[in-house]
Amino acid sequence: MSSITVFKARNIITMDRNRPQATHVAVREGRILAVGGVDCADQWGAVSHDDSLADTVLMPGFVEGHCHMAETVFWEWAYAGYHDRTDPDGRLWRGKTDIETVIADLRAHLATLPDDAPLIAWGFDPIFLEAERLNRSHLDAVSDTRPVVVLYSSGHLMCVNSPALAAVGYERHSNIEGVMRGSDGEPNGELQEMAAMFPVMRRMGMDTRTRSHRPDHVRAFGRICQRVGVTTATDLFALLTDETAQTLSATTAEPGYPVRVVPAVSTIHSSPEEVRAQIADLARLNHDNLRIGPVKLMTDGSIQGFSARVKWPGYVGGQPNGIWNMAPDEIFATCELMQAAGIQMHIHTNGDEASELVLDALERAARKHPWPGARHVLQHAQMMGPALFARAAEMGVCVNLFANHIWYFGDQHAALTIGEDRAARMDACRAALDAGVHMAIHSDAPVTPMSPLFTAWCAVNRQTMSGRTLGAAQCISVEEALRAITLGAAHTLKMDDEVGSIETGKRADFAVLGDDPTLVDPATLHHVPVLGTMTGGYLNLL
Amino acid sequence: MSDLPRLPLTVIGGYLGAGKTTLLNRLLAEDHGQRVMVMVNDFGAINIDADLIEKAEGDTISLTNGCVCCTMGNDLFMALGDALDRRPRPDHLVVEASGIADPAKIAMAARAEPEMAYGGIAVVVDAVNWPALADDPQIGAQMQGQAAVADMLLVSKATDGLPAGLEARLAALSPAPVVDLATVDAVAPLLLGGITPGAAQAPRRAHPGYVGWAHDGTEVLDRAALEALVAAAPEGVYRIKGKVLGPEGAHELHVVGRTVDIKPTTAARTTLVAIGLDGRVTQGDIADWWRDAVG
Ligand SMILES: [Zn+2]
């Protein structure tokens, strides 16, 4: 008979209405055997008591329904963003609020690199820096002998120094779209879009395609999750090869690996038929910590990039409507094929036109191939309102709203992209819940840092970077937000039978917290300390 | 810089079902003598004839997939890097863009990458369906955008010559030559250039249906003069490539449609080839242009 361990905690927030709170949880074989008081498992036989968590508050392990393992690749490089950010090993990288700090920090970082290695930095966001644009002379001040590359957080731009420009032969005669020039006619170091960036990336070893599934990166991803209390996380646009799927499977199976990974295979990398066959094949690699199964579709672009497909009246600056990444015909065809094959879809839709069209496609697919348990998920769905949520609820379609956007981009959305009215009702958690939609909220890491308690804080407070409350009518309660980052997200991954709440029979997956999120001031929800996680009974404290 | 010859990249754009795959199959079946690598980025159309791959023995043909979709989607570009790293390096890379993609975003990589040469953007326009697609409220702007960036517009499914309305519409979007695929008996000259630059070739008709011109001389031009000269080329010329001696090193020149790609190279002589469509330009027109231009 396997041993039973009864963990004592200051409080256990179960998300199970039968027993919303408890002081003890019993674990056997990596699962929750019983929840309640000190004697909760006594009827199951001999127990051992573990009081090492007695000062902590336990919650169900958080579920991040939309993030990308690629974040770990960025951490091979230096962080150059505006906001503070913590790397997988817990080192805090201070945010850089002016160009002088960017230069000084990069210069310091250069000293830590091997002699001939290029310096690569990521996460730079020019929007927040008021001064002149970053250019090559700034980066020549970091080094004028070794290539320096600074990737912007949008992913569409980079700035490089003179040695990097020389390495790709960009000079005053290079008439290349995306190679920007200064008033002197020379390339000023700014490179826009992949075509201009790729020659640099190719030479500087920045091919990130399948790197995030290598063992050291998979382990780093585990540490990222563990720091923020996440025990189940997606990799929502995975390019899996046979080889990388094997390493992903082997590494996530290592004893104590702290997170259950749900890769959603990209449908854009091969034909829907091939995707279907690939998933059927790769599913043999699945185990408790690896759940290959769903797919990801990309339909439109982003709102802040003006590439989301939005309905009338469009963008406030009069920008043309965004672009489709899949033709509407392809969206309809792919939805039908996946529905027929019984494959769950996570579908990226930012603008309301994209969300509406995808609902049309899902409705048509559902008429042809009824599948009541499909649980397809609209990802981001940032501009959906009550009418679209009502349709989603009718069809059993879930939404995963991008709550972090309110803080990071809310001011810009009100001023520059979709305007005040629609910004105030974007990422409309209240409307989604009121319509009865199964809802999760997410970070889209590395786009914004993974931290479900921060994401919950965003949904509760809807505060922007400037400090205003953007659309108070869409705020939700702490209880609702905590549900969204646990059971709500678990539902979107079809794992609500296993994780998302602390109740008998489920996996022993916990977020170990230093304070009680239900008791702190809701305005400080994001400051609740995360001490680590337990995953399948393995304790991984920081 | 690599010692290998630059890898020319041609991008084929056009909506799903427009005939991009048919065009590729046609290209692979032709006797053009080049090792062509094909990358297919349109999952709607991966049914490249297996027979053709068999038949085109010696050619490096492989099908890979990439994506140009979002901030995470740099895969296609990195796949271009794979093609460059391949040994032996292919003679030409042809990328079939996805039906909705902006082919210019891919093709621009050939101008940016020092080891690549610009091979042009060919957009396949389906004579039957394109007008409606171009007016579609969802994708019309993207369809028109594809036509606007094309170096050549290749019309498929025209049964009785180019429909006049279509030609006028395309002309309003783009000055690129419009070619009825039904009337050309080879597509390799359109897509690849079809003549190996530098090879000692007498001026000749490159292929029935095409006008070819080749030049071998010792003219020395600086970059500005070369750019001006190319800008004045006769309208019916849609491809010029070769090497031109310069005062500070030679230039490698690739002109497709209106797009000019000039990169540094080494050369002992000025060697150029040009191709145009029969009936739109004559060999004499091209020869006159060169003679007048270089004086
Ligand atoms: Zn994402």
Side-chain angles (χ1 to χ4, degrees), chain A residues 68 70 153-156 167-171 173-179 191 193-203 206-210 236-237 239 266-275 298 301-302 305 307 309 320-321 323-330 333-334 348 353 357 447, chain B residues 1 15-17 40-47 64-82 84-85 98-102 104-116 133 136-139 141-143 145 223-224 227 251 259-264:
Chain A
H68 304 276
S153 60
S154 73
H156 292 278
V168 292
Y170 294 169
E171 35 87 21
H173 296 301
S174 305
N175 180 21
I176 301 162
E177 200 178 301
V179 177
L191 307 179
E193 299 298 341
M194 267 309 285
M197 289 161 41
F198 127 85
V200 173
M201 296 174 72
R202 180 168 172 252
R203 284 166 182 77
M206 296 167 71
D207 181 354
T208 61
R209 274 175 293 180
T210 54
L236 219 47
F237 202 64
L239 168 62
S266 132
T267 62
I268 223 159
H269 289 97
S270 38
S271 74
E273 291 83 357
E274 286 177 331
V275 168
M298 288 289 300
S302 72
S307 51
R309 288 292 304 197
N321 204 347
I323 55 155
W324 293 106
N325 280 305
M326 290 172 75
D329 287 353
E330 289 176 274
T334 307
H348 162 118
E353 186 180 50
L357 185 132
V447 176
Chain B
M1 198 196 296
Y15 194 62
L16 301 161
V40 179
N41 191 40
D42 186 345
F43 64 63
I46 312 196
N47 43 3
T64 55
N65 302 295
C67 111
V68 248
C69 50
C70 58
T71 56
M72 321 292 293
N74 55 24
D75 302 8
L76 172 71
F77 291 93
M78 291 305 159
L80 300 180
D82 294 345
L84 282 167
D85 294 339
S98 81
I100 204 80
D102 176 357
K105 286 198 168 173
I106 305 168
M108 189 54 66
R111 297 188 52 199
E113 168 54 51
E115 293 177 43
M116 291 185 117
L133 291 169
D136 185 277
Q138 297 288 356
I139 57 166
Q142 279 168 274
M143 290 296 103
R223 188 181 171 113
E227 282 174 355
H251 316 282
T259 309
V260 183
D261 179 26
I262 300 174
K263 293 194 174 101

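In what follows, every chain begins at residue 1, and chains take the letters A, B, ... in the order their sequences are listed. Remember, it's a predicted structure, so these values are computed and weren't measured experimentally.
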N/O donor-acceptor pair under 3.5 Å between B/Arg111 side chain and A/Ala196 backbone: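 The answer is no, because no donor-acceptor pair under 3.5 Å joins these two groups.
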With respect to chain A, which residue among [options] yields the maximal number of heavy-atom pairs within a distance under 4.5 Å?
{"options": "B/Ala112, B/Gly81, B/Ala107", "answer": "B/Ala112"}
{"options": "B/Ala110, B/Ala104, B/Ala109", "answer": "B/Ala109"}
{"options": "B/Lys263, B/Glu227, B/Glu113", "answer": "B/Glu113"}

Under 4.5 Å from any heavy atom of chain A - which part of B/Arg223: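 Contact with chain A involves the side chain of B/Arg223 alone.
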In terms of heavy-atom proximity below 4.5 Å to chain A, should B/Gln142 be classed as side chain, backbone, both, or neither? side chain
pair B/Ile262-A/His173: side-chain heavy atoms closer than 4.5 Å: no
Does the side chain of B/Ile139 come within less than 4.5 Å of B/Ile100's, by heavy atoms?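 Answer yes - side chains close enough.
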Across all chains, not counting sequence neighbours, the salt bridge (charged side-chain N to carboxylate O under 4.0 Å, His left out) partners of B/Asp82 are A/Arg209
If the condition is salt bridge (charged side-chain N to carboxylate O under 4.0 Å, His left out), which residues does A/Glu353 pass it with, not counting sequence neighbours? A/Arg309
Part of A/Leu191 within contact of chain B (heavy atom distance under 4.5 Å):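 Neither the backbone nor the side chain of A/Leu191 comes within 4.5 Å of chain B.
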Heavy-atom proximity to chain B below 4.5 Å, by part of A/Asn175: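 Both backbone and side chain.
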For atom CD of A/Glu193, decide whether the heavy atoms of other residues, nucleotides or ligands shown that lie under 6.0 angstrom number more than 12.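 For A/Glu193, atom CD is crowded (more than 12 foreign heavy atoms under 6.0 Å).
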